[in-house]
Every structure is written in structure tokens, then in C-alpha cells.
Colleague: 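Sending over a structure as C-alpha cells; questions will come in a sec.
Quick note on labels: first sequence line is chain A, next is B, and so on, each numbered from 1.
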Number of protein chains: 2
Amino acid sequence: MKRVAKKTITRSLLYIRILEKLIESGTHIVSSKQLADMMGLSDVKIRKDISNFGKVGRPRIGYKTFELKKILEDFVLQNIVHAVLFGVGNLGSAILKYPGFHQDRIKIVAAFDKDKSKVGKKINGVSVYSVKNAVKIISKTHAEIGIIAVPEKHSQNIADVIVSSGVKGIVNFSPISISVPEKVFVRDIDLSIEFLSLMYEMRHK
Amino acid sequence: MKRVAKKTITRSLLYIRILEKLIESGTHIVSSKQLADMMGLSDVKIRKDISNFGKVGRPRIGYKTFELKKILEDFVLQNIVHAVLFGVGNLGSAILKYPGFHQDRIKIVAAFDKDKSKVGKKINGVSVYSVKNAVKIISKTHAEIGIIAVPEKHSQNIADVIVSSGVKGIVNFSPISISVPEKVFVRDIDLSIEFLSLMYEMRHK
DNA sequence: GTCTAATTGTTAAATAATTCACGGATAAAG
DNA sequence: CTTTATCCGTGAATTATTTAACAATTAGAC
């Protein structure tokens, strides 16, 4: 199978989401231009992206929303993703309650915190456990992704715990780069950097 | 002035943060290799990035931490960034309390919510106002960035408010693309997409 | 002072992503 | 049945980014 560009993958996930909305609203056909307008992209980029997955559109008509969604899903999604969260502070709690995960295909199956007063509680239906039990619970829940939302000074420590549990994917919200074995993939979500780089862009264009 | 690559900018912001830590810990000199190890990058990429801003290192020695930080700051940062937040729900509250903004150069100067029970309160020192007063307060506080953390169905509406207030930068946390005039810059932070694209990467490498 | 090893800075090559240009398909009109 | 306007798919060109290769510099050893 041909290698698909990373950016094509993330855009395809967005296409799927828009297609879901279109289908829900009863739209059966959509053109690349219409999709482009909805997403603020160029139509040719959308056609190019889709072309990675076969010839699915019809000239003079467009794409069948349901069919296109199905094809994109087959290529870029798999089953529901199970994740565990480390750190039930302000950010961690917000993540547990984030509504986007429900409609989408992400399920947080357990949360961990050092704070004993939080352990044993449930937040948005997710139980909070002691970090000590993390490895055991991760293997029991078949979690595939670990989320780091602990204070910066504990991030590397938690990363080590996640790695030792065998999980191969980490979403890191702390503003520090964690070091992990090569086979473990990390996504850094760094709020400050987003703001500051946006500011740079605003100044320089 | 020569155009600097977008990715170089975001990495430079990370360099600044690491340099701050090094300076704080009393480190005066650092090599590109050391920086690279700390950040999980290649040393040549770091030298290439820095070379955009002049010849600042010394062969056989490395970079003076303070000097390098100063030079990077001069190029990629400006004064403190003032932002306003729309939506004081779970995510919005977490953003208001996010500790990374304090050390870094971002200050949230006001928050807005539709919910009357929230208006008038202060969260982490930031006052919550009615959305009706947004334009007025934005101009008074000289905010440069608007943050959208409202439920998806109100995102476009809030984006319009932000645009009408003259703000030229938006950080959008809602999982929907907002449409704004060309002169307004948007950063989408989409949690679901991060998880799902990470999952794709894990499967395909 | 000379040599050596380490480290920067830079040009060139390779890779990745986007945009352009246009051929091909086809629905709809007449 | 023919024409026409529209929309998809794609190879080529362009632009952006990373990686490789190596020349230049210099601190430190002797």
C-alpha cells in the first residue's frame, strides 16, 4: 500500500467529521468545492487527498457522502481508541469531560492521580485510581494511549510509567518534551506555543 | 528580512523555554547536540534553525545560553500577549487556570460566558463578563487573541463577535472549522484529531 | 606554536506537501 | 445525438522542510 502523507491523514479525519454532519442533515452528495468551502481549504487539495484512497467521486456530480465517509473510515480509522489519563487536575478533569470524545471514537477508560482524595472518585463516569496501580489497570483495560496532564515536574516520571506498561502512544499536554523509546509515539499539545506562534504569524503577514 | 520557516518559529519558541530552564539551573554554555538530546531532535536541525537569526554560536564551544535566548526572543517574541476567553465551561476554566501561561508570555485579560450565573465571578483572577459586552471590553483591554471554548454550535457566532471586535487572531478549541475573513488568523486545537492521527501513526509504522 | 578533536554554519541533495494545468467523464439541455 | 458546462483525477511544477556532507573555526593538549 502506498504511503499516505501525514497531513492527508489529519485532514481525512476532518472530512469524516464533516461528512457525518452532512449525512445527518440528509445531504447525499457533496462536491470537493463544497467541502473546501466548509473547511477553508482548496478543492484540489481535497480531491488530491481523496485520490489516495481510490476513485470514489463521479465527474459532474461529486461524492456520495455516505460512500466517501465509509472509504475514509476504512483507511484512516480503526476501532474505538482506549486511553488512560494521568493527572486529574484542572486540565485532566476538562479532558475527562470533553464532549468531542464521545461522538468521536475515543474512550477514556481510567484515570490516575497521586492525590489520595481524588482516588476512588468517578469523574464523568471514569474511575480515578492510584498511579501505583496504573500498569495493572492499563493491561486490564487494553488501553492504547496514555494522556499526560500532570504538573510538568512529574511528566517524565509518568511517561516512564506509561512506557513500562507497554503502551505505544502518548498525548503529552505538559510543556516539556518527554523522552521515550523510539517505538513509542508522542503527540505534544502545547498551549503556550500555539498562542505565541499565532502571534508571530499575525505580526509577520 | 529573510522569511523564516513556520516550523522553525515553533521550535524556536521551544528552544527559548529550554534555555530559560538551563539559565535558571546555572548552565552558561550549551551545544546544539545537547539541546537536540533534550528535545528529541537532531543537532543539525537546531543549528539550521538558529542560523536563521545570525551567527551566534562559537565552534568548539557551543552557544551561550543567555545570549542565544536573547537573540531568539528578539526574533520570535514580542511583548506579552493579551487574550480573551469565550466559554467558561470545563475546558475554558482549565485554560484560565493553565499554569503554563504565567511563566510564558500570555495573559488572559477577560473571560465571557452566556451563563448569567457565571457572569460577575472571577476565576483565577480573571473576571467573567457577559458576551454582550465583549466588543467593548476587548477594545478596552487591547486583547490581541480570542479563545473559543464554547460548545460547538455557538463557535461560529462567537467567531463573528471576535472578528467584529477587530481582533486578528483566534485560537479555536471547538471541533469545527470557523469561517473568518482572510486577514484573521486561526489556530485550531482539536483534541480528537490528535488522538486519532496518533493512533493511525502507531498502526502504520 | 602545532596538532587534534569538537563544534558551528552553510551549501547541496533529498524528501514532503502544495498548487497548477489540464485531460477525461458525464449529466443536462436542446 | 450532440453540445456544453461542470466536476473529478492526476502528472508536472513549485514550494517548503529536512537531512546530508563538509568547510571553517578554535579550545586545549603537548
Side-chain angles (χ1 to χ4, degrees), chain A residues 1-15 19 22 27-65 67-69 71-72 75-76 182 197 200-201 204-205, chain B residues 1-15 19 22 27-69 71-72 75-76 182 193 197 200-201 204-205:
Chain A
M1 194 162 76
K2 184 178 60 180
R3 206 177 110 44
V4 178
K6 214 183 302 178
K7 300 224 175 163
T8 293
I9 298 301
T10 67
R11 281 193 299 267
S12 296
L13 291 162
L14 293 169
Y15 302 157
L19 288 165
L22 288 172
T27 306
H28 294 261
I29 299 287
V30 71
S31 72
S32 59
K33 187 69 174 60
Q34 290 172 313
L35 282 174
D37 289 344
M38 283 183 261
M39 310 202 34
L41 299 174
S42 73
D43 54 345
V44 62
K45 192 183 275 182
I46 286 178
R47 287 200 300 280
K48 193 96 185 185
D49 282 339
I50 294 172
S51 75
N52 281 283
F53 310 119
K55 296 190 186 186
V56 24
R58 288 181 66 193
R60 191 63 212 271
I61 298 290
Y63 301 93
K64 291 186 187 174
T65 50
E67 185 190 3
L68 178 55
K69 167 171 166 283
I71 285 171
L72 292 174
F75 274 94
V76 304
E182 217 179 303
S197 67
Y200 181 91
E201 195 176 337
H204 287 81
K205 283 221 198 138
Chain B
M1 193 162 77
K2 185 178 58 177
R3 205 179 111 45
V4 178
K6 215 183 300 179
K7 299 223 175 164
T8 293
I9 298 300
T10 67
R11 281 193 299 269
S12 296
L13 291 162
L14 293 168
Y15 303 157
L19 288 165
L22 288 172
T27 306
H28 293 260
I29 299 287
V30 71
S31 72
S32 59
K33 187 69 174 61
Q34 290 172 313
L35 282 173
D37 289 345
M38 284 184 260
M39 310 203 33
L41 299 174
S42 72
D43 54 344
V44 60
K45 192 182 276 182
I46 286 178
R47 288 201 299 281
K48 190 97 196 206
D49 282 339
I50 293 173
S51 75
N52 281 283
F53 309 120
K55 295 189 188 189
V56 23
R58 290 181 66 192
R60 190 63 211 270
I61 297 291
Y63 301 92
K64 292 185 186 174
T65 49
F66 190 82
E67 185 190 1
L68 177 56
K69 167 170 165 283
I71 284 172
L72 292 175
F75 274 94
V76 304
E182 219 178 300
I193 300 299
S197 67
Y200 181 91
E201 195 176 337
H204 288 82
K205 283 222 197 136

Colleague: Ignoring hydrogens and angles, does a donor from either the side chain of A:Arg60 or the base of D:dA5 sit under 3.5 Å from an acceptor on the other?
Modeller: yes
Colleague: Expressed as a whole number of angstroms, how long is the span from A:Met39:CE to C:dT18:P?
Modeller: 12 Å
Colleague: Hey, which of these two, A:Ile61 or B:Ile61, hits DNA chain C nearer its 5' end, going by closest nucleotide?
Modeller: B:Ile61
Colleague: Does the side chain of B:Ser32 get closer than 4.0 angstrom to OP1 or OP2 of C:dT8 through an N or O atom?
Modeller: yes
Colleague: Tell me what A:Ile50 touches on the nucleic acid: a base, only sugar-phosphate, or nothing, going by heavy atoms under 4.0 Å.
Modeller: nothing
Colleague: Specify the separation, in whole Å, of atom NZ of B:Lys6 and atom P of D:dT18.
Modeller: 12 Å
Colleague: How many Å lie between CG on A:Leu35 and C1' on D:dC7, as a whole number?
Modeller: 13 Å
Colleague: Send over the distance from B:Leu41 CG to D:dA20 P, rounded to a whole Å.
Modeller: 14 Å
Colleague: Within the structure, does a side-chain N or O atom of B:Lys45 lie under 4.0 Å from either OP1 or OP2 of D:dT19?
Modeller: yes
Colleague: In whole angstrom, what separates B:Glu67's CD from C:dT8's P?
Modeller: 13 Å
Colleague: Nearest to the side chain of B:Pro59 - C:dA17, C:dA27, D:dT26?
Modeller: D:dT26
Colleague: Below 4.0 angstrom, N of the basic side chain to O of the carboxylate: do B:Lys33 and B:Asp37 qualify?
Modeller: yes
Colleague: Would you kindly give the CZ-to-C1' distance between A:Arg47 and C:dG23, to the nearest whole Å?
Modeller: 12 Å
Colleague: Whether B:Lys55 contacts C:dT10 is assessed here as follows: a side-chain N or O lying under 4.0 Å from the phosphate OP1 or OP2. Is that the case?
Modeller: yes
Colleague: Would you say B:Ser197's side chain and A:Thr10's backbone share a donor-acceptor pair under 3.5 angstrom?
Modeller: no
Colleague: State the CD1-CD distance between A:Ile46 and A:Gln34, to the nearest 0.5 angstrom.
Modeller: 10.5 Å
Colleague: Can you see if the side chain of B:Ser31 gets near the phosphate of C:dT7 - specifically, an N or O under 4.0 Å from OP1 or OP2?
Modeller: no
Colleague: With rounding to the nearest 0.5 Å, note down the distance linking CG in A:Leu68 to OG in A:Ser32.
Modeller: 10.5 Å
Colleague: Taking atom P of C:dA12 as reference, at what distance in whole Å does atom NZ of B:Lys48 sit?
Modeller: 11 Å
Colleague: Using whole Å, what does the distance between atom C1' of nucleotide C:dA16 and atom NZ of A:Lys7 come to?
Modeller: 9 Å
Colleague: Working to the nearest 0.5 Å, report the span between CG of B:Leu35 and CG of B:Leu22.
Modeller: 6.5 Å
